[in-house]
Number of protein chains: 2
Amino acid sequence: MNLKQLSHMLSLSQTTVSRALNGYPEVSEETRRRVMDAAKRHGYRPNPSARRLATGKSGMIGYVLPTGNAVDIDPHFVEFLSGLGDYARSHELDLVLSPADADDEETTYRRIVANRQVDAVYISSPRPADKRLALVNTLGIPFIVHGRSEGFDFDYPYLDIDNEGAFHEAARLLVQLGHKRLALINGNERETFAIHRERGMRRALAASGLTLGERHIRSVAMTEENGYRAARRLLEENEPPTAIACSSLIMALGVVRAVRDLGLTIPGDLSLVAHDDVFPWLRPENFPVPLSTTRSSIRLAGARVAERLAARISGLEEGARGEVWPVDLVVRGSVAGAPT
Amino acid sequence: MNLKQLSHMLSLSQTTVSRALNGYPEVSEETRRRVMDAAKRHGYRPNPSARRLATGKSGMIGYVLPTGNAVDIDPHFVEFLSGLGDYARSHELDLVLSPADADDEETTYRRIVANRQVDAVYISSPRPADKRLALVNTLGIPFIVHGRSEGFDFDYPYLDIDNEGAFHEAARLLVQLGHKRLALINGNERETFAIHRERGMRRALAASGLTLGERHIRSVAMTEENGYRAARRLLEENEPPTAIACSSLIMALGVVRAVRDLGLTIPGDLSLVAHDDVFPWLRPENFPVPLSTTRSSIRLAGARVAERLAARISGLEEGARGEVWPVDLVVRGSVAGAPT
DNA sequence: AGAGACTTCCAAAGCGCTTTGGCTATCTTA
DNA sequence: TAAGATAGCCAAAGCGCTTTGGAAGTCTCT
């Protein structure tokens, strides 16, 4: 059942039927009702390929997925996706993942824009002066950044959590508990979120005349193993830290294991705080010692990004609005006063 | 630059240019070369929307993503995706995720097929007599199942690992080590993989005149917390199992925690084997006691599924070929002889 | 009653590709 | 040498929608 048949059936022109269906004003209410009725009755659904050719709109949002043998997709991605999908579903939006060579995402961005494959894209895990940002900005496709970049002379729309504030608060708490030697096991130092977290922590320390020594910062990919290694190296120093802030629950698993291996205890010898993106399958309250966290649901972020993308596509949102979500600091058993 | 302009430029008809570009035989080699040259020189790329309207082919593969507030996307998904994306990239295939109400995926399947949004789909985590399978089979869209179903009167193409064999081997080893009371912490009992694993284990036990009591099987969603709970319940019984097989590393984390909480040790009091899908961020060799596993890379499976989907789309693969991958049993420190 | 302004509808021209159904040479074959 | 086959190309008709540029009819106002 296509438009032609439907309009024949109604003794109307395709124009009128199309307009009636798409809510244009130049059609009488009565006619519109007739058309709508017939469309529903016959289960007419406009052919998206045709519509897309005519309008250039695809009804899809895009994500360029870096791939490659050495490239691991972040497990956070799936939770973000849950949220995104949840919203997208209610708006009949599909998501297209365009795999790209991790060393050359530009080609893929150019392709999906040139081909008008998607109406909008989102970008995640941005770095300072991230090329992708500059690119989509000049390409002129609607987009939203999940996270933030830095060092651009233009503004852009983003959704980010207050990473700096979160780690500032966490560090401040630890300092108040008497800790003087803090350490940070961070994610990839080239990503903005990691920079912000470090910044927040430094600021909290500075406020009490303390500093975060270079030796006390580890920037690594967020795996259990890296958490373990980083923690061991930190704890086996001469003057080991008495508190660690850690950028992910998965790394925190490794930290806990390292502490055990060294015969130490949490929070007796070491206080530990980690950032929690809220996974259903790994919860901080279930750590051997319940883990204090800075918490922000990445799933909700996904839903919000989808919502804003939809708004941008339909022209409801414009400009370069940045949105920063506060982060909860949830204190559990893994922090205590500094050992004396 | 579109086909019209290009053909004008070459003083050829659109027909000929189109045919030259798409490798049809009724065009001379010389002309073809001229066309190819010009196309490359001017960076001509056929408009996919137009091509799609004309041919009905989209160059995309689809996945229906169940969503909803209560629905958690499996973290395995992201690893599978890595593999899929890796292959898809090299073939300029995009992946479209169509979010669906978890309680009504059928509507979404029908939509993407009716709209010809994708050329093929894959289905994951199938159950026995899975409705989605029957549906895509009648809808006639090319598909591949990742996993297996059961109880259909038709065959279908799938890629699965030998779950039954894997758990059979694992259980056999445990029995040989003298264990008599085994337990299984399984995934969702309604999914085929879980059924197969249980079957494999039962078979191994039966071969030695042992059985797997109902009390010794737990079927739960694969989270750390569920692993913990299941393990506690098992270990706090009168005659607790001396060996546990566990369907995922994440649950195994919980099992390890439970063992610790109860003041027991691995492998002294309990031998533990888990299935490992090979995540980069959580590795069995890094468990407090290196974990014995049945191992199969889900990432490779993703790549293979993509490969076969591509083959089906281009007509290179036909029929209902099932492919079952063997699973490695990797023995590490977490198994030992049964306590006496 | 006639001019202007709406309202409501339509025919037809795109969007950019593929594919059908020829048409014209050139080449075989008997 | 005439008839049939083949190679190489083209015009035009789709694919199914949106949108432009009217046209006809109805109202309103002077």
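Just so you know, these numbers come straight off a predicted model, no measurement behind them. Residue numbers begin at 1 in each chain, while the letters A, B, ... track the order of the sequences.
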Open item on the list: Which is more 5' along DNA chain C, the nucleotide nearest A:T31 or the one nearest B:K4? Just name the residue.
Closed with: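 Upstream on the strand: A:T31.
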Starting at [atom1] of [X] and ending at [atom2] of [N], how long is that distance when rounded to a whole Å?
X: A:Y44; N: D:dC17; atom1: OH; atom2: C1'; result: 7 Å
X: A:E26; N: C:dA5; atom1: CD; atom2: C1'; result: 16 Å
X: A:L6; N: D:dC17; atom1: CG; atom2: P; result: 9 Å
X: A:K57; N: C:dC15; atom1: NZ; atom2: C1'; result: 15 Å
X: B:L53; N: D:dT18; atom1: CG; atom2: C1'; result: 12 Å
X: A:R116; N: C:dC17; atom1: CZ; atom2: P; result: 14 Å
X: A:Y24; N: C:dC10; atom1: OH; atom2: P; result: 17 Å
X: A:R51; N: C:dC17; atom1: CZ; atom2: P; result: 22 Å

Taking the minimum atom-to-atom distance to the side chain of [X], which one of [options] wins?
X: B:S28; options: D:dC9, C:dC9, D:dG16; answer: D:dC9
X: A:R19; options: D:dG16, C:dC17, C:dC9; answer: C:dC9
X: B:S13; options: C:dG16, D:dC10, D:dT18; answer: D:dC10
X: B:T55; options: D:dA12, C:dC9, C:dT18; answer: C:dT18
X: A:A50; options: D:dT18, C:dC17, D:dG16; answer: D:dG16
X: B:Q14; options: C:dT18, D:dT19, C:dC9; answer: C:dT18
X: A:L3; options: D:dG14, D:dC17, C:dA12; answer: D:dC17
X: B:P46; options: C:dC17, C:dA11, D:dT18; answer: C:dC17
X: A:T15; options: D:dC17, D:dT20, D:dC9; answer: D:dT20

Open item on the list: Under 4.0 Å, counting only non-hydrogen atoms across every strand here, what does A:S11 touch: a base, just sugar-phosphate, or nothing?
Closed with: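 Counting heavy atoms under 4.0 Å across all strands, the contact made by A:S11 is with sugar-phosphate only.
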TODO: Looking at every strand, decide which applies to B:S49 at a 4.0 Å heavy-atom threshold: base, sugar-phosphate, or nothing.
DONE: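 Nothing, no heavy atom under 4.0 Å.
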Open item on the list: Assess whether a salt bridge exists between A:R308 and A:E323, defined as any Lys/Arg side-chain N lying under 4.0 Å from an Asp/Glu carboxylate O.
Closed with: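 A salt bridge links A:R308 with A:E323.
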- [ ] In plain terms, say whether B:K57 and B:D119 are close enough for a salt bridge, that is, a side-chain N and a carboxylate O under 4.0 Å apart.
- [x]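 No salt bridge links B:K57 with B:D119.
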Open item on the list: Tell me if the CZ atom of B:R116 is crowded by more than 12 foreign heavy atoms within 6.0 Å.
Closed with: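 No, CZ of B:R116 has 12 or fewer neighbouring heavy atoms, counting only those of other groups under 6.0 Å.
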Task: Any A:S18 side-chain N or O less than 4.0 Å from OP1/OP2 of D:dC17 - done: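 Checking A:S18 against D:dC17: no side-chain N or O falls below 4.0 Å of OP1 or OP2.
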- [ ] Please state whether the phosphate of D:dC15, meaning OP1 or OP2, lies under 4.0 angstrom from any side-chain nitrogen or oxygen of A:N47.
- [x]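 It does not, given that no N or O in the side chain of A:N47 lies less than 4.0 Å from OP1 or OP2 of D:dC15.
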TODO: Report the relative orientation of the aromatic rings in A:F80 and A:Y122; use parallel for angles under 30°, tilted for 30 to 60°, perpendicular for over 60°.
DONE: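 Tilted: the ring planes of A:F80 and A:Y122 meet at 30° to 60°.
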TODO: Please check if the distance between the ring centroids of B:Y63 and B:F77 is under 6.0 Å.
DONE: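 Centroid separation for B:Y63 and B:F77: below 6.0 Å.
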Task: Side chains of A:S149 and A:Y156, donor plus acceptor under 3.5 Å - done: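 Absent: no donor and acceptor within the cut-off.
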